[in-house]
Visitor: 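Let me give you the structure first, and then I'll get to my questions.
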Amino acid sequence: MSTQEEKAAAFRTLHEGEAFIIPNPWDAGSAKVLEALGFKALATTSSGFAFTLGRRDGEATLDEVVEHVRLLDRSTALPVSVDLENGYGHEPEAAAAAIARVAEAGAVGGSIEDYDPRGTIYGLAHAAERVTAACEAAARLGFPFLVTARAENHIRDNPDLDDTIARLQAYDRAGADVLYAPGLRTAEEIRAVCDATSKPVNVLARPNLTMREIVAAGAQRVSVGGALTWAAVAAMVTAAERMRDDGDFSSLAPPPQT
């Protein structure tokens, strides 16, 4: 297995080369599958992990996430970045502590978002302070842990592109290594964000955009959030409904070997 320092170096190098996909496993088994398929790094999904616990997105604790990260890190040789939601606390110190905790579990990257689970977006100054604290915590680790700063406007009913760009620019200045605004809808929106910022941009994949189109708009990294989890669940539901309603077990046949 690679050491954490080796994984960290490999993860940073990925952000300096060609654009890449960082898929989101929901457990150790799906992580192993994605590694076997040739992906070079993994990112956790808060919604997918919460599903494995029988809970809604946002209902996993930091302790549970740390153990999840530890398991993923031991399961593959790939770098792991962690969806840390809001850092499991409102103050900058909480974001810093979350970075340190998952780094101890083997992660080499993590994201901090600017959404307050109480139902609002943090004020810009406070949000930037949280990013600064996360980056300072990462700098104390002794290896290149990459901090991704997330602007949540577009998935929190506030698709204000100008405000999203202003936030990402502030997080850029605060020291974030990667910038991320989930929910950008078009190549034009992605291009506007990439043109206005100086750090690698992560984009959440959309069914209406191809990898080629997203990369052409300037993105360096593409993630899928919980989408692979729900694709797997949908396949299970379809098979289970056929069993229940028609006594049809054909969906259980293994796929043809290629």
Visitor: About how many Å separate OG of Ser251 and CE of Met236, when rounded to the nearest 0.5 Å?
Guide: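 The CE atom of Met236 sits 12.5 Å away from the OG atom of Ser251.
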Visitor: Can any side-chain N or O of Asp57 pair as donor or acceptor with the backbone N or O of Ser47 at less than 3.5 Å?
Guide: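 Yes: the side chain of Asp57 pairs with the backbone of Ser47.
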Visitor: Measure the spacing between CG of Leu124 and CD1 of Ile121 and express it to the nearest 0.5 Å.
Guide: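 Separation between the atoms: 11.5 Å.
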Visitor: Would you say the side-chain atoms of Glu6 pair up with the backbone N or O of Thr3, donor to acceptor, closer than 3.5 Å?
Guide: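 Side chain of Glu6 to backbone of Thr3: a pair is present.
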Visitor: Do the side-chain N and O atoms of Thr52 and Asp27 include a donor-acceptor pair separated by under 3.5 angstrom?
Guide: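 Their side chains do not contain a donor-acceptor pair, so the 3.5 Å distance test is not met.
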Visitor: Taking all non-hydrogen atoms of both residues, which atom of Ile112 and which atom of Gly87 are closest, and how far apart?
Guide: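 The answer is CD1-CA, 3.9 Å.
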Visitor: Can you check whether Gly226's main-chain N or O pairs, donor with acceptor, with Asn24's side chain at less than 3.5 Å?
Guide: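 Flag not set: sc Asn24 to bb Gly226 has no pair under 3.5 Å.
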Visitor: Hey, mind stepping through Val178 and His15 against side chain to side chain contact (heavy atoms under 4.5 Å, CB included) and telling me if it holds?
Guide: CA-CA 9 Å; Val178 181; His15 291 79; 3.7 Å; yes
Visitor: So, does Glu189 use its side chain to make a donor-acceptor pair with the main chain of Leu161 at under 3.5 Å?
Guide: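 Side chain of Glu189 to backbone of Leu161, a donor-acceptor pair under 3.5 Å: no, none is there.
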Visitor: Using distance alone, with no hydrogens and no angle criterion, decide if Arg191 and Thr186 have a side-chain donor and acceptor under 3.5 Å apart.
Guide: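 Side-chain D/A pair, Arg191 to Thr186: absent.
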Visitor: Work out which heavy atom in Ala9 is nearest to a heavy atom in Pro144; give both atom names and the distance.
Guide: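 So the minimum-distance heavy-atom pair works out to N-CG, 4.3 Å.
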Visitor: Ignoring hydrogens and geometry, is there a side-chain-to-backbone donor-acceptor pair from Gln220 to Gly17 under 3.5 Å?
Guide: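 The answer is yes, because a donor-acceptor pair under 3.5 Å joins these two groups.
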Visitor: With side chain to side chain contact (heavy atoms under 4.5 Å, CB included) as the test, would you mind laying out the steps for Arg101 and Leu62 before giving the verdict?
Guide: CA-CA 8 Å; Arg101 290 284 307 280; Leu62 177 56; 3.9 Å; yes
Visitor: Could you check whether atom CG of Asp157 has more than 12 heavy atoms from other residues, nucleotides or ligands sitting under 6.0 Å from it?
Guide: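 No, the 6.0 Å shell around CG holds no more than 12 heavy atoms from other groups.
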Visitor: For the atom pair CZ (Phe39) and OG1 (Thr76), what is the distance rounded to the nearest 0.5 Å?
Guide: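 If we round to the nearest 0.5 Å, Phe39:CZ and Thr76:OG1 are 13.0 Å apart.
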Visitor: What heavy-atom pair brings Pro92 and Ala133 nearest, and what distance separates the two atoms?
Guide: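 Where Pro92 meets Ala133 most closely, the heavy atoms are O-CB, 3.4 Å.
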Visitor: On the 0 to 90° scale, with breaks at 30° and 60°, tag the Phe51-Trp230 ring pair as parallel, tilted or perpendicular.
Guide: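 The arrangement is perpendicular - the two ring planes meet at more than 60°.
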Visitor: Establish, from distance only, whether the side-chain atoms of Ser198 and Asp172 form a donor-acceptor pair under 3.5 Å.
Guide: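 Side chains of Ser198 and Asp172: pair found under 3.5 Å.
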Visitor: Is the closest basic N to carboxylate O distance between Arg55 and Glu64 below 4.0 Å?
Guide: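 A salt bridge links Arg55 with Glu64.
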Visitor: Stepwise, does the salt bridge (Lys or Arg N to Asp or Glu O under 4.0 Å) test hold for Asp114 with Arg167?
Guide: CA-CA 9 Å; Asp114 58 8; Arg167 287 174 172 274; 3.3 Å; yes
Visitor: Please find the pair of heavy atoms, one from Ser30 and one from Pro25, that lie closest to each other, and give the distance.
Guide: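 Smallest interatomic distance, heavy atoms only, reads OG-CB, 3.3 Å.
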Visitor: Does Tyr115 belong to the same Ile/Leu/Val/Met/Phe/Trp/Tyr cluster as Ile165, with side-chain heavy atoms less than 4.5 Å apart forming each link?
Guide: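 Unlinked, Tyr115 and Ile165 end up in two clusters.
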Visitor: Take Asn158 and Arg156 through the test side-chain hydrogen bond (donor to acceptor under 3.5 Å, both in side chains) and record every step on the way to the result.
Guide: CA-CA 6 Å; Asn158 184 38; Arg156 302 296 180 182; over 6 Å; no
Visitor: Shortest non-hydrogen contact from Pro182 to Ala151?
Guide: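 Of all heavy-atom pairs spanning Pro182 and Ala151, the closest is CD-O, 3.5 Å.
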Visitor: Please determine which of Leu72, Val102, Val65 meets the side chain to side chain contact (heavy atoms under 4.5 Å, CB included) test together with Thr44.
Guide: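 By the side chain to side chain contact (heavy atoms under 4.5 Å, CB included) criterion, Thr44 pairs with just one of Leu72, Val102, Val65: Leu72.
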Visitor: If we only count heavy atoms from C-beta on, is the Leu42 to Pro23 side-chain gap below 4.5 Å?
Guide: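 Yes; the side chains approach each other to less than 4.5 Å.
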Visitor: Please check if the side chain of Lys7 supplies one atom and the backbone of Asp73 the other of a donor-acceptor pair under 3.5 Å.
Guide: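 Yes; at least one donor-acceptor contact below 3.5 Å.
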Visitor: Within the distance-only criterion (no hydrogens, no angle test), does the side chain of Glu85 pair as donor or acceptor with the backbone N or O of Glu113 below 3.5 angstrom?
Guide: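 Flag not set: sc Glu85 to bb Glu113 has no pair under 3.5 Å.
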Visitor: Do Asp160 side-chain atoms and Asn153 backbone N/O form a donor-acceptor pair below 3.5 Å?
Guide: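 Pair absent, no side-chain N/O of Asp160 close to backbone of Asn153.
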Visitor: Walk me through whether Arg70 and Glu67 qualify under salt bridge (Lys or Arg N to Asp or Glu O under 4.0 Å).
Guide: CA-CA 5 Å; Arg70 200 182 312 278; Glu67 288 308 308; 3.4 Å; yes
Visitor: Dump the intermediate steps for side chain to side chain contact (heavy atoms under 4.5 Å, CB included) on Phe20 and Lys40, then the final yes or no.
Guide: CA-CA 8 Å; Phe20 66 101; Lys40 302 301 183 184; 5.7 Å; no
Visitor: Are side-chain heavy atoms of Pro159 and Arg185 found at a separation under 4.5 Å?
Guide: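 Yes. Closest side-chain heavy atoms under 4.5 Å.
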Visitor: For the CD1 atom of Ile22 and the OG atom of Ser223, what is their distance to the nearest 0.5 Å?
Guide: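 Spacing of CD1 (Ile22) from OG (Ser223) equals 7.5 Å.
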Visitor: Is the count of non-hydrogen atoms from other residues, nucleotides or ligands lying under 6.0 Å from Glu16 atom CD greater than 12?
Guide: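 Atom CD in Glu16 is crowded, with more than 12 foreign heavy atoms closer than 6.0 Å.
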Visitor: Please report the C-alpha distance between Val108 and Leu146 in whole Å, then the side-chain angles of each, then the deciding distance to 0.1 Å, and finally whether the side chain to side chain contact (heavy atoms under 4.5 Å, CB included) criterion is met.
Guide: CA-CA 6 Å; Val108 297; Leu146 297 191; over 6 Å; no
Visitor: Indicate the atoms forming the closest heavy-atom contact of Gly110 with Leu84, along with that distance.
Guide: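 Closest pair (atom of Gly110, atom of Leu84, distance): CA-CD1, 4.3 Å.
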Visitor: Establish whether Leu34 and Trp26 are linked, either directly or via other cluster members, by ILVMFWY side-chain heavy-atom contacts under 4.5 Å.
Guide: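 Per the 4.5 Å side-chain linkage, Leu34 and Trp26 are co-clustered.
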Visitor: Counting only N and O atoms by type, is there a donor-acceptor contact under 3.5 Å from the side chain of Thr120 to the main-chain atoms of Asp116?
Guide: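 Judged by distance alone, no pair lies under 3.5 Å.
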Visitor: Answer whether the closest heavy-atom distance between the side chains of Ile190 and Leu209 falls below 4.5 Å.
Guide: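 They are in side-chain contact.
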Visitor: Within the side chain of Arg130, is there an N or O that forms a donor-acceptor pair under 3.5 Å with the backbone of Asn86?
Guide: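 Confirmed, Arg130 side chain pairs with Asn86 backbone.
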Visitor: So, do Glu129 and Glu91 sit near enough that their side-chain heavy atoms are less than 4.5 Å apart?
Guide: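 SC-SC contact between Glu129 and Glu91 ruled out.
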Visitor: Let me confirm one number: the CG-OG1 distance from Asn202 to Thr148, rounded to the nearest 0.5 Å.
Guide: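 These two atoms lie 6.5 Å from each other.
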Visitor: Tell me whether Leu78 shares a hydrophobic cluster with Leu71, the cluster being built from Ile, Leu, Val, Met, Phe, Trp, Tyr side chains joined at under 4.5 Å.
Guide: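 The answer is no; the residues belong to distinct hydrophobic clusters.
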Visitor: Any donor-acceptor pair under 3.5 Å linking the side-chain atoms of Thr61 with those of Asp63?
Guide: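 On atom types as modelled, these side chains do not qualify, holding no pair under 3.5 Å.
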Visitor: Are Gln169 and Thr197 side-chain neighbours, meaning at least one heavy-atom pair lies under 4.5 Å?
Guide: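 Yes, their side chains come closer than 4.5 Å.
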Visitor: Do Leu184 and His154 come within less than 4.5 Å of each other through their side chains, counting heavy atoms only?
Guide: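 Touching, per the 4.5 Å side-chain cut-off.
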Visitor: Taking side chain as C-beta onward, heavy atoms only, is Arg150 less than 4.5 Å from Tyr171?
Guide: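 No - every pair of side-chain heavy atoms lies 4.5 Å or more apart.
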Visitor: Is any side-chain heavy atom of Ile99 closer than 4.5 Å to one of Phe145?
Guide: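 Yes, their side chains come closer than 4.5 Å.
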Visitor: What's the spacing between Phe143 CZ and Gln4 CD if we round to 0.5 Å?
Guide: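 Those atoms lie 3.5 Å apart.
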